[in-house]
**Student:** 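I'd like to ask you about the structure that follows.
Note that these values count all heavy atoms, side chains included, but never hydrogens, waters or copies made by symmetry. Remember, predicted model here, so these are calculated numbers, not experimental data.
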Amino acid sequence: MLMALGLFTFEIGTAAFQDLVRRTEWRHAETPRFGARPASQFLGPGAETFSLSGIVLPGLSGRHSAIRTLRDMAASGEAHALVDARGTVHGDCVIVSLDERQSEFLNTGEARRADFTLELRRL
C-alpha cells in the first residue's frame, strides 16, 4: 500500500500513483504604512492540498473500477482520512477534482491505459 484515502488504498492492484505533490500555505495579513513597507501579521495556517498522479494499466497495474470508486467517493462529498504507507495521518481530506485521460483503446472500446490526477484538500 502506498497510501489510503478512507477505505480506498492506492496500490498496484487498484491505482498506484507515481507523483505526490503536497502544498501547504500560511496566511499573513498586511496593513499599508505611510513611508514604509506594509506591516505584516501572521494569521495562522492556510490551505493544504495534495495532488496524486498515476497510471492505470488494466492487466498489468490497476483497474478502471478504481477510478470509478474515486469518482463515487468525490460525489458523496464526504471527507476521508489520508494516511501514507509509513502510518502518517495527513488529516481528513475531500476530493476536489479528478482528471482522467484514457488512451490506447482495444477494438472493444476499452482503454488499455488511463492517466489520472486526483486533487485533495485537507479540512
**Student:** Sequence neighbours left out, what passes salt bridge (charged side-chain N to carboxylate O under 4.0 Å, His left out) with Arg27? Give chain and number order.
**Tutor:**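 Arg27 satisfies salt bridge (charged side-chain N to carboxylate O under 4.0 Å, His left out) with no residue once adjacent residues are dropped.
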
**Student:** What residues, two or more places apart in sequence or in another chain, satisfy side-chain contact (heavy atoms from CB on, under 4.5 Å) together with Leu60?
**Tutor:**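 Expected list: Leu57.
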
**Student:** Write out all pairs satisfying ring pair (Phe, Tyr, Trp, His ring centres under 6.0 Å) with one or both partners inside residues 71-101, taking only residues at least two apart or from two chains.
**Tutor:**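 Applying ring pair (Phe, Tyr, Trp, His ring centres under 6.0 Å) to every pair that reaches into residues 71-101, excluding sequence neighbours, yields Phe50-His90.
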
**Student:** Check side-chain contact (heavy atoms from CB on, under 4.5 Å) between Glu25 and all other residues, then give those that pass, not counting sequence neighbours.
**Tutor:**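 Expected list: Arg23, Ala47.
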
**Student:** Only pairs at least two apart or in different chains count here, so list each side chain to side chain donor-acceptor pair (under 3.5 Å) that has a residue in residues 66-77.
**Tutor:**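 Residue pairs passing side chain to side chain donor-acceptor pair (under 3.5 Å), neighbours aside: Arg71-Glu100.
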
**Student:** Apply the hydrophobic cluster definition, ILVMFWY joined by side-chain contacts under 4.5 Å directly or through others, and give me every member besides Val83.
**Tutor:**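 Result for Val83 is Val89.
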
**Student:** Restricting to side-chain contact (heavy atoms from CB on, under 4.5 Å), what partner residues turn up for Pro58, sequence neighbours left out?
**Tutor:**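 Scan of Pro58 (side-chain contact (heavy atoms from CB on, under 4.5 Å), adjacent residues dropped) gives Val56, His64.
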
**Student:** Who else is in Phe105's hydrophobic cluster (ILVMFWY, side-chain heavy atoms under 4.5 Å, direct or via others)?
**Tutor:**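 Once heavy-atom contacts under 4.5 Å are chained together, Phe105 still belongs with nothing else.
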
**Student:** Give the cluster check for Leu70 versus Met1: same hydrophobic cluster or not, with ILVMFWY residues linked at side-chain heavy-atom distances below 4.5 Å.
**Tutor:**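 Each belongs to a different hydrophobic cluster.
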
**Student:** Could you name each residue pair satisfying side chain to side chain donor-acceptor pair (under 3.5 Å) that touches residues 111-123, not counting sequence neighbours?
**Tutor:**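 Output for this query lists Glu48-Arg122, Ser51-Glu119, Ser53-Thr117, Arg113-Asp115.
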
**Student:** Tell me the closest heavy-atom pair linking Phe8 and Ala66, and the distance in Å.
**Tutor:**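 Closest pair (atom of Phe8, atom of Ala66, distance): CE1-O, 3.7 Å.
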
**Student:** Could you check Leu120 against Leu82 for side-chain contact (heavy atoms from CB on, under 4.5 Å), going step by step and ending with a plain yes or no?
**Tutor:** CA-CA 9 Å; Leu120 307 171; Leu82 183 66; 4.0 Å; yes

**Student:** Per the salt bridge (charged side-chain N to carboxylate O under 4.0 Å, His left out) rule, what does the pair list look like for residues 76-96, sequence neighbours excluded?
**Tutor:**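 Qualifying pairs: Asp84-Arg86.
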
**Student:** About how many Å separate CG of Leu2 and CD1 of Ile12, when rounded to the nearest 0.5 Å?
**Tutor:**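 Between atom CD1 of Ile12 and atom CG of Leu2 there are 6.5 Å.
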
**Student:** Where do Leu123 and Ala79 come nearest, in terms of heavy atoms and distance?
**Tutor:**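 Heavy atoms of Leu123 and Ala79 come nearest at CD1-CB, 3.5 Å.
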
**Student:** Does anything in residues 17-47 form a ring pair (Phe, Tyr, Trp, His ring centres under 6.0 Å)? List the pairs, not counting sequence neighbours.
**Tutor:**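 For residues 17-47, and leaving out neighbouring residues, the ring pair (Phe, Tyr, Trp, His ring centres under 6.0 Å) pairs sorted by first residue read Phe10-Phe17, His28-Phe42.
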
**Student:** Do Leu5 and Met73 come within less than 4.5 Å of each other through their side chains, counting heavy atoms only?
**Tutor:**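 Yes - at least one pair of side-chain heavy atoms lies under 4.5 Å apart.
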
**Student:** When rounded to the nearest 0.5 angstrom, what is the spacing between CG in Asp19 and CG in Leu52?
**Tutor:**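 Separation between the atoms: 9.0 Å.
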
**Student:** Which heavy atom of Leu98 sits nearest a heavy atom of Leu118, and at what distance?
**Tutor:**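 For Leu98 and Leu118, the tightest heavy-atom pair comes out as CD1-CD1, 3.9 Å.
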
**Student:** Determine, stepwise, if the pair Val96 / Thr49 fulfils side-chain contact (heavy atoms from CB on, under 4.5 Å).
**Tutor:** CA-CA 9 Å; Val96 177; Thr49 59; over 6 Å; no

**Student:** With sequence neighbours excluded, what pairs up with Arg101 under the side-chain hydrogen bond (donor to acceptor under 3.5 Å, both in side chains) test?
**Tutor:**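 For Arg101, no residue satisfies side-chain hydrogen bond (donor to acceptor under 3.5 Å, both in side chains) once neighbours in sequence are set aside.
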
